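Working notes for the structure below.
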Amino acid sequence: MIYIRQLIESFLSEHFRLSAAGQIGITSFLLVFSLVLISFAVVLLFLRLIVPLIRWGTKRTTNLIDDILLNPKVLTAFGWCIPFFIFDAHISDCFPSASPRMLLRGIHIIVNIYGLIAIILFIAEVINIAHLFLSESKRYKDYHLGGIFQAFKIIIYCVGGIILIAMLIGQSPLNILTGLGASAAIIMLVFKDPILGFLASIQLTSNRMLKKEDWVAIEKMGINGKVEEVSLTTVKIRNFDNSISTVPPYTLVSDSFQNWSEMQQIGARRVKRSLYIDIHSIQPCTDENGNDTTNLSLFRRHVEKMIDDNPLVIKELNHLVRQLAPTPHGLPIEVWFYLSETDFQVYENLAAEFMERLIASLPLFNLRCYQALSSFDVMQQK
C-alpha cells in the first residue's frame, strides 16, 4: 500500500493543484478503492483458479474430511472471507496517522462487521456440508442429525449476533452475556421449542429412535405414515392418506410412538388375527377319530398345517394357533405367524386370503363363526 500511495500522491501533485487536505482526502479514497479492487481480484482469482485445482486434487482421494472442508460451496464461502483479511491488514495504511479517530473507528467497525458475517456464513456452510455428507454416508445415515446441526447453526448465529452488538456499542461481548444471563428466564421462554427440540434430537440420535423414511404411527394423534423431514422444532410425517402431520421432536421422546422400520429391515411382518367360534358348534368327533377329540381340535391342527405349508410364512419365527378366554361373542381362536412380505398392500391381501380360507373351511368341521343377530336375521325369522 505504501508503493500505491506514492504513485497516487505523485500523480495528483503532477496533474492537479490541490490543497494539502484535499490531496490527503482524495489519496485516502483512492487507496480504499484500490484495496477493494485488489481484494475482489484476489477473490476472483481464488474462485476461478485455486478452487478448481483444489477440487481436482480432492476427487482423487477417499478421505471424507477433505470432501467436507474442500467442498465448492465451502471454498466459495471461504473465498469471500479473503477481503476481510486484506482490509484488516492494510486499511490503516490508507489513512494518515493524523486522521480523526471517529473516522478510523467507523471504518474498522464496517470492516469487522463484514468479516464477522463472512466468517459466520463460512462456518454455517461447513456445518451444512458436514450434515449432507454424514447423512448420506452408510455409517451415519441411520442417525437423526438434522436437529443437532441446526442447533449448531443457531449457536453460531447467536454468538455472531452478540459479537456484532458488542462491535456496534463498543462493549465487550462478556458484558452482553452478563446482561443476557440476568434475563435467562425470558430467553428460556422465547427459545423453549428450539431448546427442547435440541435435547430431543440428541435422544433420538443417540438411541437411533427415528430417521427419515421411517414408517411411524402415533396412535393418540391419529398419525400413521412415513417421516419426510426431521428438524430442530418439527418432525414432518406424510400420512398414508397423503395428509401432512407435524409434531415437535420432544413429543416423540416424552410420549410413545410406534416405528415400523425395524420390521421392514428384518423382512418379517406379523399376522395376528382371531376367529370367534360359536360355542354351540363345538362337539366331540365320531368314534372313528376317538372320543377325546373335538372338531375344534381338528380345526386347530388344520390351521397349523396351513401355516406350515405356506411358503411365505417364516418358519424360524414363532407361529402358533391358540385358544383365548371365552367371551360373550364366542370362543376366540387366534392365529399368529410372520409373513416374509412387508409391503402394506401385499401383506394385507395375503393375510385376508388366509383368514378367508379359514372361514371357508369351518363348515368342513361342523363349526360356525359367532355372528350377532342383525335386522335381516330378524326379518327372515318372521
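Just so it is clear, the model here is predicted, and its values are computed rather than measured.
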Just by distance, do the side chain of [X] and the backbone of [Y] share a donor-acceptor pair under 3.5 Å?
X: His319; Y: Leu317; answer: yes
X: Ser34; Y: Leu30; answer: yes
X: Tyr347; Y: Arg270; answer: yes
X: Asn295; Y: Ser281; answer: yes
X: Lys236; Y: Thr234; answer: no
X: Asn259; Y: Val216; answer: no

Please tabulate, for the side chains in residues 120-129, all donor-acceptor contacts under 3.5 angstrom to protein atoms that are two or more places apart in sequence or on a different chain.
unit_1: Asn128; atom_1: OD1; unit_2: Lys153; atom_2: NZ; d: 2.9
unit_1: Asn128; atom_1: ND2; unit_2: Ala124; atom_2: O; d: 3.3

Side chains of [X] and [Y] in contact at under 4.5 Å (non-hydrogen atoms):
X: Ile163; Y: Leu116; result: yes
X: Thr327; Y: Pro332; result: yes
X: Gln258; Y: Asn224; result: no
X: Leu75; Y: Pro72; result: no
X: Leu296; Y: Phe299; result: yes
X: Thr293; Y: Pro284; result: no

By salt bridge (Lys or Arg N to Asp or Glu O under 4.0 Å), which residues pair with [X], not counting sequence neighbours?
X: Glu304; value: none
X: Lys272; value: none
X: Arg238; value: Glu228
X: Lys305; value: Asp309

Separation between [atom1] of [X] and [atom2] of [Y], rounded to the nearest 0.5 Å:
X: Met263; Y: Arg269; atom1: CE; atom2: CZ; result: 4.5 Å
X: Leu168; Y: Ile113; atom1: CG; atom2: CD1; result: 4.5 Å
X: Asn112; Y: Leu164; atom1: CG; atom2: CG; result: 10.5 Å
X: Cys81; Y: Ile86; atom1: SG; atom2: CD1; result: 11.5 Å
X: Asp88; Y: His108; atom1: CG; atom2: NE2; result: 7.5 Å
X: Ile218; Y: Ile237; atom1: CD1; atom2: CD1; result: 4.5 Å

Closest heavy-atom pair, Lys315 versus Pro311, reported as atoms and distance to 0.1 Å, is NZ-CA, 4.5 Å
- Task: Please report the shortest heavy-atom distance between Leu362 and Cys369, naming the atom on each side.
- Result: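 For Leu362 versus Cys369, the nearest heavy atoms are CD1-SG, 3.2 Å.
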Quick note, salt bridge (Lys or Arg N to Asp or Glu O under 4.0 Å) partners involving residues 331-343, not counting sequence neighbours, are Arg322-Glu334
Should [X] and [Y] be regarded as members of a common hydrophobic cluster, given that ILVMFWY residues are connected when their side-chain heavy atoms come within less than 4.5 Å of each other, either directly or indirectly?
X: Ile359; Y: Tyr276; value: no
X: Leu331; Y: Trp336; value: no
X: Phe85; Y: Leu47; value: yes
X: Ile266; Y: Ile314; value: no
X: Val346; Y: Leu339; value: yes

Trace of the side-chain contact (heavy atoms from CB on, under 4.5 Å) decision for Ile333 with Ser274: CA-CA 5 Å; Ile333 300 297; Ser274 299; over 6 Å; no
Who passes ring pair (Phe, Tyr, Trp, His ring centres under 6.0 Å) against [X], sequence neighbours left out?
X: Trp80; result: Phe40
X: Tyr370; result: His329
X: Phe337; result: Phe354

Residues 349-369 vs side chain to side chain donor-acceptor pair (under 3.5 Å), sequence neighbours excluded, gives Asp278-Arg368
So Ile223 and Asn239, side-chain contact (heavy atoms from CB on, under 4.5 Å) or not? Walk me through it. CA-CA 6 Å; Ile223 296 174; Asn239 297 301; 3.5 Å; yes
Inset, instruction - Would you check, one step at a time, whether the test side-chain contact (heavy atoms from CB on, under 4.5 Å) holds for Phe87 with Leu35? - result: CA-CA 7 Å; Phe87 268 83; Leu35 198 59; 3.7 Å; yes
**OP:** For Met355 and Leu275, run side-chain contact (heavy atoms from CB on, under 4.5 Å): C-alpha distance rounded to whole Å, both residues' side-chain angles, the deciding distance at 0.1 Å, then the answer.
**Re:** CA-CA 9 Å; Met355 297 304 297; Leu275 284 178; 3.9 Å; yes
Handout entry: Side-chain donor-acceptor pair present, Trp260, Asp214, cut-off under 3.5 Å
Key = no
Cluster membership besides Ile110, Ile/Leu/Val/Met/Phe/Trp/Tyr side chains within less than 4.5 angstrom, sorted by chain and number, is none
Residues joined to Phe33 in its hydrophobic cluster, side chain to side chain under 4.5 Å directly or through other members, sorted by chain and number, are Leu37
Parallel, tilted or perpendicular: which one describes the rings of Trp215 and Phe240, with boundaries at 30° and 60°?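 Ring orientation, 0 to 90° scale: perpendicular.
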query: Taking the six-membered ring for Trp, are the ring centroids of His302 and Phe365 within less than 6.0 Å of each other?
result: yes
